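Values in this document were obtained by computation on a predicted structure and should not be read as measured data. Side chains included, hydrogens not; waters and symmetry mates left out as well; all remaining heavy atoms used. Protein chains get the first letters and strands the later ones, always in sequence-line order, with residue 1 at the start of each.
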Amino acid sequence: MSIGLARLREEPDRIRQGAIDKGEDPSIIDAALALEGKRRDLLGESGLLKAERNAASKQIGEAIRGGAAPSGPEVAALRQASTDAGAQIEKLDAELAATEAQLEELMLRIPNPADPDVPVGDASANQTVRTWGELLPRDATADGETWTRRPHWEVGESLRMFDLERGAKITGSGFPVYTGYGSRLQRALIDFMLDIHTSEHGMTEIWPPALVNSASARGTGQIPDKEDLMYVVPRDDLYLVPTAEVPVTNLHRDEIFEADQLPLRYAAYSPCFRREAGAAGKDTRGILRVHQFDKVEMVFFEKPEASAEALEWLTGRAEVILQRLGLAYRVLLMATKDMGFVQAKKYDLEVWAPGVERWLEVSSCSNFRDYQARRMAIRYRPEPGAKPELVHTLNGSGLALARTVAAILETYQQPDGSLVVPEVLRPYMRTDQIRA
RNA sequence: GGAGAGGUCGCCUAGUGGCCUAGGGCGCCGCACUGGAAAUGCGGUAUGGCGCAAGCCAUCGAGGGUUCAAAUCCCUCCCUCUCCGCCA
């Protein structure tokens with residue numbers, strides 16, 4: 001994950017301002033520039049010496065083939081020259097390796113600068129771009145009677161759609177067990193979302209592994225920075241995926257596309273595992289913040305010039321799901337200090353949960369530009385035979401299930417305690433109403 | 001998990017310490033020939049880095065080692081294939 005040395009050299013001011021806007025330390029940019037200069041000097045010196053050594057070694061070979069005694073004085077002199085160069089090279093390369101390690105460490109701490117149209121500031125600078133649907137109040141009126149919507153955990157328990165206590169028993173807190181129609185609703189939502197994204201949005205469906213190796217975890221930046229967020233299987237050096245973004249983006253690690261292969265757009269279901277260490281309290285009640293949930297994720301590989309528009313389209317595809325489900329939501333354009341270190345631009349989709357009268361984040365749609373692609377070496381040829389350039393990567397949830405389920409339970413509950421099934425899910429649920 | 005065989009350029013393959021600056025074939029691109037094409041011939045066809053450039057450096061699954069010199073020898077690991085064992 002890095003802005004790249006070329007860009008560091010070419011537009012340090014933009015990078016510096018980008019760091020300031022995101023609340024990061026801008027002095028790292030100057031430290032990195034200094035190290036980059038040192039790296040280039042060392043590289044030049046070491047390269048020259050290696051050329052000398054290679055030449056000497058070659059001469060030894062030629063001399064021996066030409067009849068010189070392998071242990072004779074002529075060969076010994078050449079051998080000495082090569083050995084001497086080798087000793088210097090060893091020193092230089094050690095210094096070079098140390099310099100590069102320091103430089104890389106600094107580069108990892110330089111954030112991806114936000115796009116120019118992103119508001120500068122903290123969460124209070126986030127912009128509500130649009131709102132869709134009717135924001136139902138908790139206290140509703142039906143047939144002249146008023147009734148109060150219940151929070152989703154009460155609805156779910158009473159309709160026996162999930163069992164949080166037994167989930168805690170068999171695994172731990174934050175591992176919900178879905179039961180009966182609750183279980184079927186999981187399948188229905190996954191199926192519905194993937195159907196829309198593939199049949200209507202033209203994405204390619206992926207069913208990825210739920211565990212990845214350390215190279216993949218490093219590729220999308222989960223390690224080293226976010227290692228605490230993941231469940232780790234140290235015995236096999238594997239990581240449980242926190243999102244399908246990790247395996248799906250890594251599909252094309254170290255690959256070079258031809259221009260006509262882009263864009264590549266994937267929709268992937270996966271379970272998601274997050275330690276969420278320390279999280280507890282009223283914000284985590286029910287299934288709002290759990291250690292295991294399910295999600296359909298969209299992952300795009302785009303040509304650089306198309307990525308800005310692709311982010312708008314991607315966000316729109318997530319909105320389609322919410323609209324078809326009939327859930328009210330709003331779209332937030334995240335400000336520089338609230339958007340994350342690696343994103344260039346990010347929209348959050350928040351669904352309205354009338355039972356708790358809160359907005360719940362169900363999707364986060366981001367354009368990483370070339371920041372992610374650089375670390376993973378995902379490139380394409382703009383023209384046949386041309387030099388490869390980095391692609392742009394984007395991803396967004398479409399959607400995360402647990403909170404979507406919460407919004408459905410709170411939106412579609414009836415005064416009599418039953419739940420009306422959203423119309424688009426009825427073919428999948430094979431019922432239009434769920435009763436206690 | 002055990003035994004064995006492998007991993008070289010987009011694909012196939014040659015390569016048992018120095019003539020490897022990695023050869024050949026296929027594919028692809030360009031040019032020639034052609035009315036146009038096929039066939040044929042000639043040339044070109046990895047990635048990253050450094051350099052104004054000429055060019056140089058690195059990379060033969062990954063990492064380490066031996067050596068003046070490693071695709072080639074040694075060690076560790078990964079992956080693929082075959083057989084055996086185990087198993088949804």
Requested in this report: Please state the P separation for the pair rC50(B) and rU45(B) - nearest whole angstrom.
Outcome: 22 Å
Query raised in the report: Quick one: do the Gln343(A) and Tyr371(A) side chains pair a donor with an acceptor below 3.5 Å?
Result: no
Report task. Name the pairing partner of rC68(B), where a pair is Watson-Crick or G-U wobble with both distances under 3.5 Å, or state none. Result -> rG18(B)
Report task. Using the C1' atom on both, measure rA71(B) against rC20(B) and round to a whole Å. Result -> 9 Å
Report summary line: Of Asn54(A) and Arg79(A), the one whose closest nucleotide on RNA chain B sits nearer the 5' end is Asn54(A)
Report task. Could you give the distance separating rG18(B) and rC77(B) at their C1' atoms, to the nearest angstrom? Result -> 30 Å
Report summary line: The side chain to side chain donor-acceptor pair (under 3.5 Å) partner of Ser364(A) among Asn395(A), Asp348(A), Thr315(A), Thr243(A) is Asp348(A)
Query raised in the report: Any side-chain donor paired with an acceptor under 3.5 Å for Asn213(A) and Ser216(A)?
Result: yes
Report summary line: RNA chain B: first to last nucleotide in contact with chain A (atom under 4.0 angstrom from a heavy atom), 5' to 3', is rG18(B) to rA69(B)
Let me check something: any side-chain donor-acceptor pairs from residues 171-180 of chain A under 3.5 Å, sequence neighbours excluded? List them with distances.
residue: Thr179(A); atom: OG1; partner: Arg160(A); partner atom: O; Å: 2.7

Query - ring-ring contact (aromatic ring centres under 6.0 Å, His included): pairs with one or both residues in residues 222-265 of chain A, sequence neighbours excluded - result: His252(A)-Phe257(A), His252(A)-Tyr266(A), His252(A)-Phe301(A)
Report summary line: Residues at least two apart in sequence or cross-chain that pass side-chain contact (heavy atoms from CB on, under 4.5 Å) with Ala335(A), listed by chain then number, are Pro119(A), Ala125(A), Asn126(A)
**Report entry** Rounded P spacing from rG24(B) to rC42(B) in Å
**Finding:** 12 Å
Requested in this report: Using Watson-Crick or G-U wobble geometry with both distances below 3.5 Å, tell me the partner of rG41(B), or none.
Outcome: rC31(B)
Query raised in the report: rU59(B) pairs with which nucleotide, Watson-Crick or G-U wobble, both distances below 3.5 Å?
Result: rA46(B)
Query raised in the report: Whom does rG51(B) pair with, Watson-Crick or G-U wobble, provided both distances fall under 3.5 Å?
Result: none
Query raised in the report: Between rA46(B) and rG25(B), how far is it from one P atom to the other, in whole Å?
Result: 16 Å
Requested in this report: Look at all strands and tell whether Ala51(A) reaches a base, only sugar-phosphate, or nothing, counting heavy atoms closer than 4.0 Å.
Outcome: sugar-phosphate
**Report entry** Pair assignment for rG1(B), Watson-Crick or G-U wobble, requiring both distances under 3.5 Å
**Finding:** rC84(B)
Report task. Taking ring pair (Phe, Tyr, Trp, His ring centres under 6.0 Å) as the test, write out the residues that go with His197(A), two or more places apart. Result -> His201(A)
Under 3.5 Å, side-chain donor or acceptor atoms of residues 182-191 of chain A against the rest of the protein: list the pairs with distances, not counting sequence neighbours.
residue: Arg184(A); atom: NH1; partner: Met429(A); partner atom: O; Å: 2.7
residue: Gln186(A); atom: NE2; partner: Asp294(A); partner atom: OD2; Å: 3.1

**Report entry** Whole-Å P distance, rC11(B) and rA62(B)
**Finding:** 14 Å
Requested in this report: For rG23(B) and rC56(B), measure between their P atoms and round to the nearest Å.
Outcome: 16 Å
Query raised in the report: Paired with rG6(B): which nucleotide, if any, by Watson-Crick or G-U wobble criteria at under 3.5 Å for both distances?
Result: rC79(B)
Query raised in the report: How would you label the contact of Leu78(A) with the nucleic acid (heavy atoms, under 4.0 Å): base, sugar-phosphate, or nothing?
Result: nothing
**Report entry** Spacing of the P atoms in rA22(B) and rC78(B) (rounded, Å)
**Finding:** 32 Å
Report summary line: When Gly61(A) and Gly47(A) are each assigned the nearest nucleotide of RNA chain B, the 5'-most assignment goes to Gly61(A)
Query raised in the report: How would you label the contact of Ile64(A) with the nucleic acid (heavy atoms, under 4.0 Å): base, sugar-phosphate, or nothing?
Result: base
